[in-house]
Amino acid sequence: MDVFDELLRGVRGRGAVFGRSVLCAPWLLRFTDGAYLTLCLPLRGAGWIVPEGGEPLRVEVGEAAIVRGPAPFVFTDDPVDGTRPGRAGGVREVRWGQVRDAGAPPDRGPEFDCPTVLLAATYDVQAQVPQRLLRALPPALVVPDEEDCAPLRDYLEAQIGGGRPGDQIVLDRLLDWMLVCTLRDWFDRPEADPPGWYGALGDEVAGPALRAMHEDPAYPWTTAELASRAGVSRTTLAKRFTELVGDGPVAYLTEWRMTLAADLLTRPELTVAAVARRVGYADAFGFSAAFKRLRGRSPSAFRQEASAVDTVEAAAPVG
């Protein structure tokens, strides 16, 4: 399995589409969802992403922007005057999938020929596995479309508000695809700063060991066996792996197992012992000790906290 695929497999939008905002200057959308990630796609025209306390970033048709939360940010036509309180045109708050007007007229339709159309979706990433990669993102980023996605953008715009059965799930999956493609293109860019282990995947010494651990984390790997995967000595592997990743192979494997375990513990049908076996521990006692050492609390306590968060989120009002 490709490691990038594995890390982002659990990133899914569920009813996260804000809809199409048709914007005529002066305009400002303030995103206050506190989402883990927000994907912004101009379907027409251009605007400025202004993260809280950050530098403005211009995003145009043919580009995609990703903003990492939970801090609010704005999308505006004017990066200098656009964030000034009391600005003409007012501020529209975007929260829980709704646009709330604050002294501004409602979105006007295409018949008004407004120059900018924005599509946005949020992702509340709770899983620990994708967070290993997503934590390396800057507060906001813009990535040009390396391929011609104009037909997809046209299709996305046409689908919003179509009223056909299954529209929401179709939009969610298309936006998932756009998000993953944007992230992949970002981490390939020279200005990206991915974690050391991500870059080490392409190394001829550390890469085979990393891929082996990701492919079968429950296997009782030793440094000698991992070194044999790369065709080097244990000393060579340990030295090169630590240089690139920051930890030795055994320490990395333990951390990776605990990351997987954290997500498995959110599944109530799995006992702690079952989770332990899935990540390579013969008994729950050894697993619990390792989990508490790395995570600061026992598996049972972690599970209770995760369940409490899910309960609060499920009860939160929409709108």
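Nothing here was measured: the structure is a model prediction, and the numbers come from that model.
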Q: By side-chain hydrogen bond (donor to acceptor under 3.5 Å, both in side chains), which residues pair with R278, not counting sequence neighbours?
A: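 So R278 forms no side-chain hydrogen bond (donor to acceptor under 3.5 Å, both in side chains) with any residue.
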Q: Tell me whether R68 contacts the main-chain N or O of R135 through its side chain, where contact means a donor paired with an acceptor under 3.5 Å.
A: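 Pair absent, no side-chain N/O of R68 close to backbone of R135.
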Q: With side chains defined as the heavy atoms from C-beta onward, is the minimum distance between L183 and L134 less than 4.5 Å?
A: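 They are in contact (side-chain heavy atoms under 4.5 Å apart), so the answer is yes.
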Q: Working to the nearest 0.5 angstrom, can you tell me the gap between R297 CZ and Q304 CD?
A: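 The distance works out to 11.0 Å.
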Q: Quick one: are D78 and P26 in side-chain contact, heavy atoms under 4.5 Å?
A: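 Counting from C-beta outward, D78 and P26 never come under 4.5 Å.
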Q: Do E191 and W186 come within less than 4.5 Å of each other through their side chains, counting heavy atoms only?
A: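 Contact flag for E191/W186 side chains = yes.
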Q: Can you confirm whether Y198 sits close enough to D193 that some side-chain heavy atom of one is under 4.5 Å from a side-chain heavy atom of the other?
A: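 The answer is no; the side chains never approach within 4.5 Å.
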Q: Please tell me if the side chains of R189 and P144 come closer than 4.5 Å, counting only heavy atoms from C-beta onward.
A: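 Counting from C-beta outward, R189 and P144 do come under 4.5 Å.
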Q: Show, in sequence, the C-alpha distance, side-chain angles and deciding distance for T254 and D247, and conclude whether the side-chain contact (heavy atoms from CB on, under 4.5 Å) test is met.
A: CA-CA 10 Å; T254 302; D247 288 314; over 6 Å; no
Q: How close do A284 and A276 get, heavy atom to heavy atom, and via which atoms?
A: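 Reported closest heavy-atom pair: CA-CB, 4.2 Å.
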Q: Once you measure the plane-to-plane angle for Y252 and H214, does it fall in the parallel (<30°), tilted (30-60°) or perpendicular (>60°) bin?
A: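 If you compare the ring of Y252 with that of H214, the planes turn out tilted.
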Q: Identify the two heavy atoms, one from R30 and one from E52, that lie closest to each other, and give their separation to 0.1 Å.
A: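 Closest pair (atom of R30, atom of E52, distance): NH2-OE2, 4.3 Å.
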Q: Considering all heavy atoms of both residues, which atom of R303 and which atom of L265 are nearest to each other, and what is their separation?
A: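 Residues R303 and L265, closest heavy atoms: NE-O, 2.8 Å.
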Q: How long is the gap from CD on E63 to CG on L141, to the nearest 0.5 Å?
A: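 Output value for this atom pair is 11.0 Å.
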Q: Can you check whether M178's main-chain N or O pairs, donor with acceptor, with T182's side chain at less than 3.5 Å?
A: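 Answer holds: yes.
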Q: V250 and F241: same hydrophobic cluster, using ILVMFWY side-chain contacts below 4.5 Å?
A: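 Different clusters: V250 never reaches F241 through Ile, Leu, Val, Met, Phe, Trp or Tyr contacts under 4.5 Å.
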Q: Heavy atoms, side chains only, cut-off 4.5 Å: are L179 and Y123 in contact?
A: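 Side chain of L179 against side chain of Y123, heavy atoms only: contact under 4.5 Å found.
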Q: Sequence neighbours excluded, which residues qualify as side-chain hydrogen bond (donor to acceptor under 3.5 Å, both in side chains) partners of T222?
A: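 With sequence neighbours excluded, T222 shows a side-chain hydrogen bond (donor to acceptor under 3.5 Å, both in side chains) to E225, given in chain and number order.
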Q: Applying side chain to side chain contact (heavy atoms under 4.5 Å, CB included), can you list everything that pairs with T259, at least two apart in sequence or on another chain?
A: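 Only Q128, V129, R132, E255, W256, R295 meet the side chain to side chain contact (heavy atoms under 4.5 Å, CB included) criterion with T259.
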Q: Evaluate side-chain contact (heavy atoms from CB on, under 4.5 Å) for C40 paired with I49, printing each intermediate quantity in order.
A: CA-CA 9 Å; C40 296; I49 298 288; 4.0 Å; yes
Q: Show the nearest heavy-atom pair for residues A262 and F302, with the distance to one decimal.
A: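 Shortest heavy-atom contact: O-CE2, 3.2 Å.
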Q: Is the closest side-chain heavy-atom distance between D203 and L210 below 4.5 Å?
A: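 Side chain of D203 against side chain of L210, heavy atoms only: no contact under 4.5 Å found.
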Q: Verify side-chain contact (heavy atoms from CB on, under 4.5 Å) between F291 and V279, making sure each step is shown before the conclusion.
A: CA-CA 11 Å; F291 191 92; V279 297; over 6 Å; no
Q: Is there a donor-acceptor pair closer than 3.5 Å between any side-chain N or O of T122 and the backbone N or O of L39?
A: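 Flag not set: sc T122 to bb L39 has no pair under 3.5 Å.
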Q: Verify, without hydrogens or angle tests, whether R211 (side chain) and L201 (backbone) share a donor-acceptor contact under 3.5 angstrom.
A: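 Side chain of R211 to backbone of L201: a pair is present.
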Q: Testing the basics here: between D77 and W27, what is the closest heavy-atom pair and its distance to 0.1 Å?
A: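 Result for this residue pair: OD1-O, 2.9 Å.
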Q: Drop me the distance from L41's CG to L118's CG, to the nearest 0.5 angstrom.
A: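 The distance works out to 7.5 Å.
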Q: Any idea which heavy atoms bring L244 and A206 closest together, and the distance?
A: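 Looking at all heavy atoms of both residues, the closest pair is CD1-CB, 4.1 Å.
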Q: Is a side-chain donor or acceptor of W221 paired with a backbone partner of D216 at a separation under 3.5 angstrom?
A: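 Such a contact is found between W221 side chain and D216 backbone.
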Q: Would you please test W197 and L133 for side-chain contact (heavy atoms from CB on, under 4.5 Å) and show each step?
A: CA-CA 10 Å; W197 56 263; L133 184 60; 4.3 Å; yes
Q: For the side chain of S288 and the backbone of F285, is there at least one donor-acceptor N/O pair under 3.5 Å apart?
A: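 Side chain of S288 to backbone of F285: no pair is present.
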